[in-house]
Each structure stands twice: as structure tokens, then as C-alpha cells.
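Presented below is the structure to which this report refers.
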Amino acid sequence: MNSGSKHALNWTSILVAIPTGFAASLVTLGFRRVIELINSLVFGTRQDVTQAIGVYPWYFWPLIVGIGGLIAGFFLRYATAIEQKETVRTDYLEVINARLDAVPTKTSLFRALSSIASISSGASIGREGPMVQLSALCGSLMGRLCFKNLPLKNTDVVAMAAAAGLSSVYHAPLASAIFVAEIAFGISALQRLIPLIISSGVAVLTMWTLGYRSAIYPFSHAQFELTPGTIALTVVIGLLAGLIGWAMIWLIAQSRKRFARLKSLPLRLGGGGVLVGILAIATTNVLGNGYEVIVEIMAGGFVLKGLLILLALKMIATAVSVGSNAVGGLFTPSLLIGAVLGVLVATLASHAGFPVGNAVIFAAVGMGAVLASVSQAPLMAMLMVLEMTLNSSLLFPTMIACVLASMTVYRLQSSSTYPVIKNHFSRSDAKFDFDNGIISQFIVSGAALMPDDSVGKALAVSSLKRERFVYVISETGQFLGAASIHDISRKVLDKEITLDSPVSCVTDAAFPTIFANQTITEGWEAFARGTLERLPVLNNPHERKYLGALTKTSLIQKAKDFL
């Protein structure tokens, strides 16, 4: 594609991003209204489920959450059956990552209905997951119906819609664009980011126009004071957040393993709902995504003991909900766990006599750190905290905490809650190994003859090994060159030589070679300079001892892990 067509494609992307962002924001708003309507019907109020469930006696709570999970299970079972029958991928991140044609409509809608049932009844999952999925579906439909004649891939429109959906939920356009680029694409290339940022910005502008102007977590009144003490505390929170993230991923994996024994999805989600309802008897703050609870924590509404209980129970409730296959996101539950962790650590430090200042400010630091550890998208996490709180003083400490948390989880070799992240890490590790590996790791044995051996023997060896060239070495193992089987056959037919002639008479001393300590990349470049399938490997340029051969196939096998 020439540069002119690339520029045309960029302008097309920008123009498409505007209506896509607008439509995605309306989708998320519609989903929110549906949840509020169901809450009004079930609880008689539009309050958050953590307060609304209080209209019923506590012994009804496990039943309420359980019934919601049961209903969610029926919807999810139907969606799963369609996915297995039609072998489709529903998750928008997988659609973008695999560059598939479209987000499936039926399975996305049934998964959304499942999510509505779980969220409305109080499952410990975030709302952003189904909101963004439906936004992606909207983008996919727009791409197929409205933009099909434009020079634009449908997955690009899906990515714009996904970024816009997440942006309209958290009012964080830059972080949302980074999230899609960082998680789904595995890159942050400028040409990918521009339409995502525009789509996200249009979504936020739409929400502002409709009256949703305030920050998600207004926190501009408190300022983070840069002192050695607060930086040390930030480091501690970052490291602990990494451990918390690792524990969350482990708990979710264990929960999935236990619930997998129940083959029926309705029973699985119903059982998960009952367990979360039982946990809610200790504190209703474990219910729902945790948004209202975060606001309360930032207002200083918790004591130390309450924070400890909430941290443990919210982690368990979230693991149970996610492990039972409840359809939803982990963003807001992770933010709540992080907020609790940050305030808890700061409060303990204050009790120990350390000059902490305003302990509540560390809630935001913890939010970003735990989100970074669970998602393993640190750039997105630090930007999201900044945009959600509109507090610029948080940027530096959040950067430190997010990076430390993400690196801690990575060093513990824990996988992300997003499967595509594992693929990106695997490709990145494979590329690193490829760039830093050396030829000696790929040496295979190759046929080698002495100079006095006959060309007839060379033909026999070539036929046995199915190789175009036979290498010639001295008695001390020094590489002398290679004999071409085609040259031997031609000269024998032309009667220039006989089958008893020594192979030295047809040896090419200038045959290309490669050395054992050279990099894999240099080996790749050596193959690119010719049409050979194998290259002789020597120990070094001075001794030129023959060690074996390097095959093009071995390098291709290595390269396919990251291509």
C-alpha cells in the first residue's frame, strides 16, 4: 500500500470514529438504564444493590443473588451452545486480536442478558464488561452495514466502539484508547491510537452533553505530597498490589476449577450467586461492582477492621462470581479492592507513627496498582486513575505503583485475566529469544566428506540425506567448502569427471557459511541473501571447524512463535 492510500485510510478511520463513539456511548447509557429499571422492579428503588437489597430480610439475600445467577446461567448456556455449534468467538478482545470479520450478534446479546441478570441480583462483577461488549457489537454492525464500502477493516471499527464504550463508562478517553491498543492489539502505534482516541473522546463528549459531566470519582480536593515517606508507602502499596493481583488471579482460577465440576451453567451461576449472597450477610458491600463503596471509602467512611473484612470478602466474592462464569468485568471490583488496600496500608502506617498525611489519597494509588496487576495493562491503569479522579498530583505515585504491581505479577509468572495478554507476552518472549539467541542453539548434524572421497559417494550420501549440497572437511575437521549435487550430476553426464573422481574437484571453497556465536537474526539475514535451505556452521572465523548445519526450517519454526 502506498503512502497516499495510508493517509486516506487514516482520514477514513477518523471520520468513522466520530459516529462510532456517539453510538457506543448511547449503548452503554441504555444498558445502565436497563439495570436501573430492573432494580426499581425488584427492590423498589434505583439505589445501588449494596443499599437496595436491604429492603428484604438478610436471610433472603442468598436466594435473591442465587436466583439471579440461575437466570443468568440459562442465558449463558444458550449463548455457549451457539458458540460451540457455530465455532464463533464472542469476546470483543479476541475478535480484535484475531482480526475476525465481526462480533457475533446472538451470542453477544444473550451474554448481555446473562450479565444483566447477574449484575441486577448483586453478583460481584463489573458492569463495564457487557457494556463494552455491546458497544463492540454496535461497532461491528455499523462496520458491516454502514461502512462496508470504505477501505477499513471491520475489526478497526469494533476497536473504536470498544474504546468508546469503556470511555463512556469511566469518562477516561485516553486510558480507554490505550486499553484497547495495549490489550487487544498488543501495541500502541500512533496510527492505531488516533481513531481510538477520537472515538473515546466523542463518547465522553456525548455523556457530557447528556448531563454526565462529573468525574467518576471526584477527588480533586486532596493532593499527594511528594515526601520520602509517601514514596516509600507508594512502593509498598505497589508491591502488595502485585501480590493481591496474583492472589486474585489464583483465586479465580481455583474458583473456575471448582465450579467446572457442575456441568449445568444455570446451577453453576445459581450456586455462585448463593455463595455471594451468604457473604453479603457479613457486609452488603461485597455485592455489585463496588462503585458506591469506592465513593464511600474516598469520603473516609470506613474503619480499619471494616477495611480488612471488606478486602478479604470482596476478593472471595469476585472470585466466586467470575469463577462461576458470571458475565461481567473485573475493572470496578479491582478498583474497589485497590482502594481498600491503599487506605488500609496508609492507615496501618499512620497508626505505626509514619507521617502519612491524608490516608484516603492512597485509595487512588491502590486502585491503579491493583487494576494494573489484574489486567497487566499498567499504562492504561495509571491513565485511568488520573482521568477518573481529575487529580494530577496522583500521576507520579500511580506510575510507580502500577509498574511495580504489574512487574510483581509478571515475575510471579501469573497470567492475566485477559487471555489475549498471555498471547502478547508469549509473542514478546519469543521475539526476545529470537533476537538474543545464537546459532549454536539450532545446530543439526549434516553430511560431511573428506576431499579424497569419490563423487559417487557424495551422490549416495545426498540421496540418503536428501540434501542438495555435501560439505567437505579436512582430517582435522576444518571446513573446505561444499559440493553441489547438481554440478556433480552434470559433470558426470558430460563425462568431465567419473563417479570415482575425488569430491575435491567439484568443491566450492567460497560456499557461504555462518558461525556458531552469531545471532539468530544474523542467520535469518544470511538465508535472505540466497536460496539455500541449509548453511554450514563453523566454530569461528579463524579455525573454521565444521560443527553441523543450520536449517531455514528451524528458524521459521522459531519465528512463527511471534509472527
Side-chain angles (χ1 to χ4, degrees), residues 27 31 66-121 123 125-141 143-144 153-155 157-159 161-162 165 180 183-184 249 251-275 318-330 415-424 426:
V27 168
F31 187 90
I67 290 174
L70 190 68
I71 296 170
F74 281 110
F75 286 125
L76 184 59
R77 184 173 68 180
Y78 190 73
T80 304
I82 297 174
E83 289 168 347
Q84 292 174 347
K85 182 179 178 181
E86 300 180 2
T87 61
V88 296
R89 301 183 191 180
T90 301
D91 184 76
Y92 70 96
L93 289 174
E94 292 186 4
V95 170
I96 298 170
N97 183 58
R99 307 294 188 267
L100 301 180
D101 290 336
V103 176
T105 303
K106 286 190 294 185
T107 52
S108 294
L109 292 176
F110 277 106
R111 282 183 172 272
L113 290 172
S114 175
S115 180
I116 288 171
S118 294
I119 292 169
S120 300
S121 59
I125 51 175
R127 300 179 183 182
E128 82 284 345
M131 286 182 175
V132 180
Q133 180 67 38
L134 289 175
S135 297
L137 173 60
C138 176
S140 178
L141 292 172
R144 282 181 284 171
K153 289 184 179 180
N154 198 44
T155 49
V157 185
V158 171
V180 173
I183 297 284
I249 295 169
L251 282 172
I252 290 171
Q254 294 301 310
S255 177
R256 282 182 173 145
K257 189 183 299 183
R258 303 294 188 277
F259 276 109
R261 297 171 184 172
L262 281 173
K263 300 304 179 184
S264 170
L265 275 174
L267 289 179
R268 194 182 297 176
L269 272 80
V274 169
L275 291 176
T318 302
V320 167
S321 290
V322 175
S324 66
N325 286 96
V327 180
L330 269 175
S415 59
S416 170
T417 52
Y418 297 96
V420 292
I421 278 287
K422 184 179 180 181
N423 297 334
H424 295 321
S426 297

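Residues: numbered from 1 along the sequence shown.
Each salt bridge (charged side-chain N to carboxylate O under 4.0 Å, His left out) pair with one or both residues in residues 110-120, not counting sequence neighbours, appears once here: Glu83-Arg111. Applying the side-chain hydrogen bond (donor to acceptor under 3.5 Å, both in side chains) test to residues at least two apart or on different chains, the pairs with a partner in residues 260-269 are Arg268-Asn325.
Between the Ser324 side chain and the Val320 main chain, a donor and an acceptor come within less than 3.5 Å of each other. Judged purely by atom type and a 3.5 angstrom limit, Glu128 has no side-chain atom pairing as donor or acceptor with the backbone of Gly165. Within the 3.5 Å criterion, the main-chain N or O of Ala117 finds a donor-acceptor partner in the side chain of Ser121. In terms of modelled atom types and a separation under 3.5 Å, the side chain of Ser255 and the main chain of Ala319 share a donor-acceptor contact. Within the 3.5 Å criterion, the main-chain N or O of Pro104 finds a donor-acceptor partner in the side chain of Ser108.
A side-chain hydrogen bond (donor to acceptor under 3.5 Å, both in side chains) with Thr90 is found for exactly one of Thr80, Thr105, Thr107, namely Thr107.
Between atom CZ of residue Arg127 and atom OG of residue Ser120 there is a gap of 8.0 Å, rounded to the nearest 0.5 Å. Between the CG atom of Leu275 and the CZ atom of Phe259 there is a distance of 5.0 Å, given to the nearest 0.5 Å. Annotation: the span from Ser114 atom OG to Leu269 atom CG amounts to 5.5 Å, rounded to 0.5 Å.
Residues passing the side chain to side chain donor-acceptor pair (under 3.5 Å) test with Thr318, sequence neighbours excluded: Ser124. By the side chain to side chain donor-acceptor pair (under 3.5 Å) test, Ser115 pairs with no residue at all, sequence neighbours left out. A search for side chain to side chain donor-acceptor pair (under 3.5 Å) contacts involving Arg258 returns Gln254, not counting sequence neighbours.
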Go through Gln133 and Asp91 one step at a time and tell me if the side chain to side chain contact (heavy atoms under 4.5 Å, CB included) criterion holds. CA-CA 7 Å; Gln133 180 67 38; Asp91 184 76; 4.2 Å; yes
With a 3.5 Å cut-off and sequence neighbours excluded, list the donor-acceptor pairs that the side chains of residues 69-78 form with protein atoms.
none

